[in-house]
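What follows is a single structure, written as structure tokens, with notes after it.
Along the sequence shown, residues carry numbers from 1.
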Amino acid sequence: WIMNIIGVKELDYRLSIQQRRIGTQSWPNGISKLKQLTGREHGELEKIIIAAAGDALPDTAMEPIRSLLDFIFQAQNLVFYDKTVTALRHNLAVFHHFKDNIGSAGGCRGNRGPIGHWNIPKIELMHGVADSVVLLGAPHQWTSDVMERCHITHVKVPYRSSNHRDFERQCVRYLDHAEKVCLFGFFTRLVDSGSSLLNEMVNEAEDMSMNYPEMMWISHCLPDE
């Protein structure tokens, strides 16, 4: 939307002159020539897009875009309260109230011209976020960051180390060897430091039974459970 309203070259220029700051990604060449952005890069861009667009956006179009970004960042909270859920619903309502201003400013355009509807699946999905928080907790628990990282460390790295033939078997062997090296290194560090090799979970279980007698009673009555 912002690219359509203020123009690709203008947005690239505004992003390229942003002062570099610790904690935010810089975009010295803009974003128009990027073919693909990761989820993390999208998040970094959302941090500065409003400030970069600035006065180039009409105030009428700024309001719904800002409300939508507020919704996106609030939905990423790790802890939610009643007022947080209320703020989520409020920001989404503000976006829908002023969203037609984006189209009036020329933001809703596709390859075939202006788009006269708001049938966007991602916006439809946002309506279930607040209810999902109430029923299931913070959406952050469904993040794909962990799986994306594991795809790099457990698939891409082994693939680069292989000869690209019979990769599945080589990948399993690579991960098996990497795990053995990690465990051996952990064992040698314990030995060098003189630390106990006993499982600390056993000690914690004994402490638990001492402080909670009912746990000891249950363990004697139901040893297999």
Side-chain angles (χ1 to χ4, degrees), residues 15 20-49 69 71-80 84 121-122 124-126 128-129 131-212 215-216 218-219 222-225:
L15 288 173
R20 294 190 178 186
R21 299 181 300 276
I22 297 176
T24 59
Q25 182 172 338
S26 60
W27 307 89
N29 300 318
I31 60 173
S32 62
K33 296 182 180 180
L34 298 177
K35 296 182 179 180
Q36 185 177 3
L37 292 176
T38 64
R40 186 175 297 277
E41 288 174 332
H42 275 289
E44 292 294 330
L45 182 60
E46 290 167 353
K47 293 179 182 179
I48 63 172
I49 190 67
L69 287 175
F71 175 90
I72 292 173
F73 281 112
Q74 288 175 346
Q76 299 176 46
N77 287 341
L78 300 180
V79 179
F80 282 82
T84 317
K122 289 183 179 180
E124 178 66 23
L125 180 65
M126 292 179 180
V129 173
D131 293 334
S132 174
V133 169
V134 175
L135 295 175
L136 302 174
H140 184 76
Q141 63 182 308
W142 314 116
T143 180
S144 61
D145 289 348
V146 176
M147 296 304 298
E148 290 178 358
R149 183 60 188 171
C150 288
H151 181 70
I152 295 175
T153 58
H154 290 62
V155 179
K156 290 185 176 180
V157 172
Y159 181 78
R160 297 191 188 105
S161 302
S162 70
N163 60 3
H164 304 172
R165 298 179 181 177
D166 194 14
F167 166 68
E168 291 80 5
R169 181 175 298 177
Q170 292 191 53
C171 180
V172 172
R173 289 182 177 178
Y174 178 95
L175 296 176
D176 184 52
H177 293 167
E179 182 182 17
K180 290 179 179 178
V181 170
C182 180
L183 292 176
F184 181 76
F186 178 65
F187 172 79
T188 55
R189 286 194 297 270
L190 287 176
V191 174
D192 291 341
S193 62
S195 301
S196 173
L197 301 180
L198 296 178
N199 192 340
E200 290 296 330
M201 292 183 63
V202 176
N203 297 332
E204 293 179 1
E206 293 178 354
D207 294 338
M208 180 73 70
S209 63
M210 293 295 294
N211 295 324
Y212 298 94
M215 293 291 294
M216 183 180 295
I218 293 176
S219 65
L222 302 173
D224 297 332
E225 299 294 332

Pairwise distance NE2(His151) to NZ(Lys156) - rounded to 0.5 angstrom:
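Atom-to-atom, His151:NE2 and Lys156:NZ are 5.0 Å apart.
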Once side chain to side chain donor-acceptor pair (under 3.5 Å) is applied, do any residues pair with [X], and if so which ones, sequence neighbours excluded?
X      : value
Glu46  : none
Thr188 : none
Asp131 : Arg89

Does Lys180 have any salt bridge (charged side-chain N to carboxylate O under 4.0 Å, His left out) partners at least two apart in sequence or in another chain, and if so, which?
Asp176
Applying salt bridge (charged side-chain N to carboxylate O under 4.0 Å, His left out), can you list everything that pairs with Arg149, at least two apart in sequence or on another chain?
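Per chain and number, Arg149 pairs via salt bridge (charged side-chain N to carboxylate O under 4.0 Å, His left out) with no residue.
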What residues, two or more places apart in sequence or in another chain, satisfy side chain to side chain contact (heavy atoms under 4.5 Å, CB included) together with [X]?
X     : value
His42 : Leu37
Ile48 : Leu15, Arg21, Trp27
Arg20 : Ser26, Pro28

Please identify each residue that fulfils ring pair (Phe, Tyr, Trp, His ring centres under 6.0 Å) with Phe73, with sequence neighbours left out.
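Once residues adjacent in sequence are excluded, Phe73 has no partner under the ring pair (Phe, Tyr, Trp, His ring centres under 6.0 Å) criterion.
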Would you tabulate the side-chain donor-acceptor contacts of residues 165-175 under 3.5 Å, counting partners in other chains and residues two or more places apart, or write 'none'?
residue : atom : partner : partner atom : Å
Gln170  : NE2  : Asn163  : OD1          : 2.5
Gln170  : NE2  : Arg165  : O            : 2.4

Is a side-chain donor or acceptor of Asp192 paired with a backbone partner of Arg189 at a separation under 3.5 angstrom?
no
